[in-house]
Amino acid sequence: MGRVAYVNGRFVRHADAAVHIEDRGFQLADGVYEVWAVFGGRMADAPGHFARLKRSLGELRIPMPMTEAALSIVLRETLRRNRIVDGMVYLQVNRGVAPRDHAFPTPAVPPSVVMTAKSVDLAASEARAAKGVGVVTVAENRWGRCDIKTVGLLPNVLAKQTAREAGAVEAWFVDDLGLVTEGASSNAWIVDREGRLRTRDTQANILRGVTRATLLGLIAETGLAFEERPFTVEEARQSREAFITGAGSLVLPVVRIDSAPVGDGVPGPVAKRLRELYISEARRTAV
Ligand code: PDD
């Protein structure tokens with residue numbers, strides 16, 4: 001059995017999986033998504049991602065396509081059918097299919113639902129974390145509702161491409177005040193010169209990262225000094241350590257910002273420890 005995807009009630013061959021040309025996700029980016037890291041075939045941080053999914057859908061007035069329990073069953077079935085042990089599972093919910101018109105369709109149409117899954121080579125991902133990655137900085141140019149996890153990701157796409165062309169793995173958006181908002185697909189953190197862990201608060205126009213939230217809980221247990229406060233690019237460059245968090249990156253040390261080294265230019269002890277802590281907690285609580 002090859003790769004399969006779930007599309008609107010059916011499992012189909014991944015190569016044949018398709019939505020209608022007038023799906024509003026396709027034409028208008030009128031949809032939201034979630035990504036879960038998967039360990040041992042089970043979804044990490046499941047409740048946090050479901051809570052954010054419901055919130056994103058609510059903000060856009062798209063109904064939940066099925067209950068959380070039903071979504072969870074189908075997501076796990078997607079993992080099973082693709083024989084995923086360690087990897088990721090992706091869920092997208094669009095407003096539905098209707099003749100193209102910017103305003104919502106009337107009467108409302110059923111939301112469309114797509115799920116895909118892929119394997120991740122954990123050894124390769126550990127090797128990357130052991131080396132650390134580079135980030136580039138780009139001007140913040142996104143809309144004012146980055147708290148909603150929509151598929152309208154063009155600024156993130158362009159930022160990530162800038163990173164890739166510079167040999168970096170992530171791009172950090174920087175606002176008019178010179179403060180880092182977040183990464184194109186991750187949240188941004190530093191260990192500042194005073195040894196304090198810092199990441200910006202989620203009242204700002206950023207995604208409320210689920211990995212970030214879990215890590216905050218773990219940090220509270222370690223007793224490490226922590227402050228929810230934004231940092232400038234300059235502070236990040238002069239910090240002891242930097243790292244990013246997300247369902248894709250987990251906790252990933254950043255050793256270069258725009259080609260200047262962070263700290264000693266190698267992953268620091270705090271990021272390494274938090275990566276281990278996060279992965280063991282994510283494995284322990286995966287469902
Ligand atoms: N991205 N910020 C942005 C803009 C993101 O797209 C993501 C996740 C995060 C981290 O959120 P979380 O910890 O809940 O994964 C922060 C996913 C992985 C993606 O787009 O593939």
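Numbering of ligands and ligand atoms starts at 1, following listing order.
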Qualifying residue for salt bridge (charged side-chain N to carboxylate O under 4.0 Å, His left out) with Asp192, from Arg237, Arg240, Arg198: Arg198
Apply the side chain to side chain contact (heavy atoms under 4.5 Å, CB included) test between Leu274 and each candidate in Leu250, Leu215, Ile279; give the one that qualifies. Leu215
May I ask you to check whether over 12 heavy atoms, not counting those of Arg164, lie within 6.0 Å of atom CZ? no
Qualifying salt bridge (charged side-chain N to carboxylate O under 4.0 Å, His left out) pairs with a residue from residues 101-125, counting only residues at least two apart or across chains: none
Got a sec: does the CZ of Arg283 have more than 12 other heavy atoms crowding it under 6.0 Å? yes
Taking the six-membered ring for Trp, are Phe11 and Tyr6 parallel (under 30°), tilted (30 to 60°) or perpendicular (over 60°)? perpendicular
Sorted by chain and number, the residues that approach ligand 1 to under 4.0 Å with a heavy atom: Tyr33, Val35, His49, Arg52, Lys149, Asn156, Glu182, Gly183, Ala184, Ser185, Ser186, Asn187, Leu207, Gly209, Val210, Thr211, Thr245, Gly246, Ala247, Gly248
